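What follows is one structure encoded as structure tokens, with my remarks underneath.
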Number of protein chains: 2
Amino acid sequence: MVLGEILSHLKKTGIRLTPQRQEILRVLLERFQQGGPPLNAEEIMLQVRRCYPGVSLDTVYRSLATFTKEGLVRELQFRDQSRCFELVTKGEHHHHLVCLGCGKVRPIHYCPADFIEQARECYPDFEIEDHSCTVYGYCPKCREE
Amino acid sequence: MVLGEILSHLKKTGIRLTPQRQEILRVLLERFQQGGPPLNAEEIMLQVRRCYPGVSLDTVYRSLATFTKEGLVRELQFRDQSRCFELVTKGEHHHHLVCLGCGKVRPIHYCPADFIEQARECYPDFEIEDHSCTVYGYCPKCREE
DNA sequence: CACGTGATAGGAATGGTTCTTATCTAGGAG
DNA sequence: CTCCTAGATAAGAACCATTCCTATCACGTG
């Protein structure tokens with residue numbers, strides 16, 4: 001997955017490809033390639049401001065909403081109330097392990113196919129689009145308290 | 001699971017058992033018994049006000065936070081930003097199907113044990129406390145748009 | 001290369017949640 | 001049963017992440 005692929009996808013959709021938006025996507029891609037935790041809107045803004053100092057939080061939120069609608073970005077919600085975002089990548093799929101102490105997020109590279117199957121059987125009239133599985137606990141550092 | 005069990009559990013913890021708190025728990029229990037979707041703070045407040053008209057939203061939030069810390073209540077977050085609460089019940093365990101259109105929540109009475117197992121294997125140093133699995137899609141009504 | 005439409009910046013507004021303060025009360029001690 | 005006090009409550013103010021508003025700007029179509 002490279003930035004070019006994402007940008008050409010965007011072109012097809014007719015969504016305008018401003019430099020700010022390219023930078024937002026680049027930041028998300030970089031984070032994905034590093035395997036790090038998802039970013040929240042403010043973190044994204046701070047990163048983007050390195051190149052485009054004038055960028056507003058509102059712009060970041062609006063762009064992320066647009067990308068989410070387009071299926072390029074996924075929004076995540078954990079129990080600490082924080083909202084964060086990650087790139088949707090073809091061929092790669094993961095879930096999350098969240099520390100209830102420090103809020104740090106780690107990826108789980110496993111997907112329970114049986115669960116989705118069960119949901120489909122239970123509610124055949126539903127058009128299933130997506131799913132998310134999250135495990136909560138305490139990381140080694142937070143266990144010591 | 002009856003209200004008495006919950007209340008006696010609370011007594012053991014030393015948490016004060018005010019009538020408002022009893023009513024909040026009763027409302028949550030009623031919802032659980034009906035098998036309905038989880039409630040948000042405002043819905044709970046409105047129900048509680050039938051008996052205790054003076055109850056404030058703040059009281060509801062504080063009580064729910066206390067119950068959550070005590071493991072009596074679970075807080076849920078879905079992608080529409082809404083925050084809601086449900087009773088934690090022994091012997092019963094479920095996950096959720098959420099409509100991306102209207103936000104309505106339905107229970108899925110199935111749990112992917114393999115997923116939790118995998119998380120444990122992946123991160124043996126983590127102390128796993130809880131997990132949640134959510135499927136997103138469009139309900140029959142919202143599919144028509 | 002000019003034009004129109006959709007995007008942006010900045011500041012103001014919003015709304016859910018939490019804090020503050022004064023008052024009250026549940027429940028243990030006497 | 002009555003008193004006492006730590007902890008709970010109500011009301012309104014404060015908070016803060018997110019969204020709205022409006023004037024301005026610029027992407028990329030034609």
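Since we're looking at a predicted model, the values are computed, not measured. By convention in this document, chain letters (A, B, ...) are assigned in the order of the sequence lines, proteins followed by strands, and residues within each chain are numbered from 1.
Atom-to-atom, CZ of B/Arg83 to P of D/dA17 comes out at 14 Å; the value is rounded to the nearest Å. Distance A/Leu7 CG to D/dG28 C1': 15 Å, rounded to the nearest Å. Between the OH atom of A/Tyr52 and the P atom of D/dA26 there is a distance of 12 Å, rounded to whole Å. If you take CE of A/Met45 and C1' of C/dG10, they are 13 Å apart, rounded to a whole angstrom. For the pair B/Leu57 CG and D/dA14 P, the computed distance is 19 Å after rounding to whole Å. In this entry the distance linking CG of A/Leu46 with P of D/dA17 reads 12 Å, nearest Å. Separating the CZ atom of B/Phe85 from the P atom of C/dG16 is a distance of 13 Å, rounded to the nearest angstrom. Atom C1' of nucleotide C/dG6 and atom CZ of A/Phe67 are separated by 14 Å, given to the nearest angstrom.
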- prompt: How does protein contact run along nucleotides 24-30 of chain C, one letter per nucleotide 5' to 3', with B for base contact, S for sugar-phosphate only, - for none, heavy atoms under 4.0 Å?
  reply: -BBS---

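Within the structure, a side-chain polar atom (N or O) of A/Thr59 is placed less than 4.0 Å from OP1 or OP2 of C/dA9. Taking only side-chain nitrogens and oxygens, B/Arg21 comes nearer than 4.0 Å to OP1 or OP2 of D/dA8. Under 4.0 angstrom from either OP1 or OP2 of C/dC19 there lies no side-chain N or O belonging to B/Arg62.
Judged by distance alone, the side chains of B/Ser56 and B/Asp58 never bring a donor and an acceptor atom under 3.5 Å apart. For the residue pair A/Gln118 / B/His95, no side-chain donor-acceptor distance below 3.5 Å is found, with atom types taken as modelled.
Judged by closest nucleotide on DNA chain D, B/Arg49 is the one of A/Glu42 and B/Arg49 placed further toward the 5' end.
Proximity of A/Thr134 to A/Val105: side-chain heavy atoms (C-beta onward) are nowhere separated by under 4.5 Å.
Every residue two or more places apart in sequence or in another chain was checked for a ring pair (Phe, Tyr, Trp, His ring centres under 6.0 Å) with A/Tyr136, and none qualifies.
Counting non-hydrogen atoms of other residues, nucleotides and ligands closer than 6.0 Å to CD of B/Glu42 gives a total of 12 or fewer.
For A/Asp58, taking side-chain heavy atoms from C-beta onward, the closest of the listed nucleotides C/dC19, D/dC21, D/dT9 is D/dC21.
Within the 3.5 Å criterion, the main-chain N or O of B/Pro38 finds no donor-acceptor partner in the side chain of B/Arg31. In this structure, the side chain of A/Gln47 does not engage the main chain of A/Ile44 through any donor-acceptor pair within 3.5 Å.
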